[in-house]
Amino acid sequence: VQAARTPKQADWAKLVAEGNMFTLFGAENLLGPRFSREGRPLLGALMAQLITEARPVNVAVKERFHRPRPFVADPRVHPCVERPDSDSYPSGHAFVAFLWAAVLAELHPDLRMAIYERADRIVWGRVTGGVHYPSDLAAGRRLAHAVIAQEMKNAAFRAALEKCRAEAAGATLKKAA
């Protein structure tokens, strides 16, 4: 992957490394012109809380497997993004991107496929960037889906999701007006 990496792919990998949901899922106007932290403050708050509460799950799994990063395992790999000092498996960026995707797909069911395609593109940026293996991404995705399945059983999470749904509907109405 590194040998075929284009400057455009390297730029995307750098954008992915920044980890901004609004930039990554807002690119190419995927979720409309009001898809921003300012336009969707309830969504921003819900995602921040979700990531804060869920991150220890990803960290615990990383600590269990201790898989070295590709650039550690093979010195021929030269990342185009910052070299994380954490373990590789599962990918934390994939974990977060698929948490985002799951919530966004709940809020925008008509865009579900496009949202998950974007999540796949986002996480592939970590392989292109030289800091993950494809299997790290798959594990991050599975872990995110397990966390979301548990969250969907939580009444407080579902209530917050409904507030975000109303916020998204308001943004859509403003877009149409």
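Here, residue 1 is the first one in the sequence, and each next residue gets the next number.
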Any donor-acceptor N/O pair, [X] side chain to [Y] backbone, under 3.5 Å:
X    : Y    : value
W12  : G129 : no
K62  : D87  : yes
H145 : R142 : no

E53/E151 under side-chain contact (heavy atoms from CB on, under 4.5 Å): CA gap, chis, key distance, verdict
CA-CA 10 Å; E53 291 174 1; E151 287 294 329; 4.3 Å; yes
Quick one: closest heavy-atom pair of [X] and [Y], and the distance?
X    : Y    : result
A144 : F95  : CB-O, 3.4 Å
T52  : P56  : O-CD, 3.5 Å
L107 : L161 : CD2-O, 3.6 Å
N58  : P90  : OD1-CG, 3.1 Å
A97  : I122 : CB-CG2, 4.0 Å
R126 : L137 : CB-CD2, 4.3 Å

Cluster question for you: counting only ILVMFWY and a side-chain heavy-atom cut-off of under 4.5 Å, with indirect links fine, are [X] and [Y] together?
X    : Y    : result
I148 : L42  : no
L30  : L99  : yes
Y133 : F71  : no
W124 : V131 : no
V59  : V123 : no

What I'd like to find out is whether the side chain of [X] reaches to under 4.5 Å of the side chain of [Y], using heavy atoms alone.
X    : Y    : answer
L46  : F157 : yes
P68  : S88  : no
H108 : I115 : yes
L104 : M47  : yes

Going through the distances and angles, do M152 and E106 end up as a side-chain contact (heavy atoms from CB on, under 4.5 Å)?
CA-CA 11 Å; M152 292 304 283; E106 284 292 321; 4.1 Å; yes
Less than 4.0 Å between a side-chain N and a carboxylate O, is that true for [Y] and [X]?
X    : Y    : result
D136 : R67  : yes
E167 : R34  : no
E28  : R118 : yes

Measuring from atom [atom1] of [X] to atom [atom2] of [Y], what distance do you get when rounded to the nearest 0.5 angstrom?
X    : Y   : atom1 : atom2 : value
H78  : R5  : NE2   : CZ    : 9.5 Å
W100 : L43 : CH2   : CG    : 10.5 Å
L15  : D11 : CG    : CG    : 9.0 Å
Q2   : R76 : CD    : CZ    : 9.5 Å
L31  : L24 : CG    : CG    : 11.5 Å
R69  : Y89 : CZ    : OH    : 14.0 Å

More than 12 heavy atoms from other groups under 6.0 Å of [atom1] on [X]:
X    : atom1 : result
R112 : CZ    : yes
D110 : CG    : yes
R165 : CZ    : yes
R37  : CZ    : no

Please confirm whether F35 and F22 have ring centers closer than 6.0 angstrom.
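Between F22 and F35, which both carry aromatic rings, the centre distance is below 6.0 Å.
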Do R141 and S91 meet the criterion of a side-chain donor-acceptor pair at a distance under 3.5 Å?
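On atom types as modelled, these side chains do not qualify, holding no pair under 3.5 Å.
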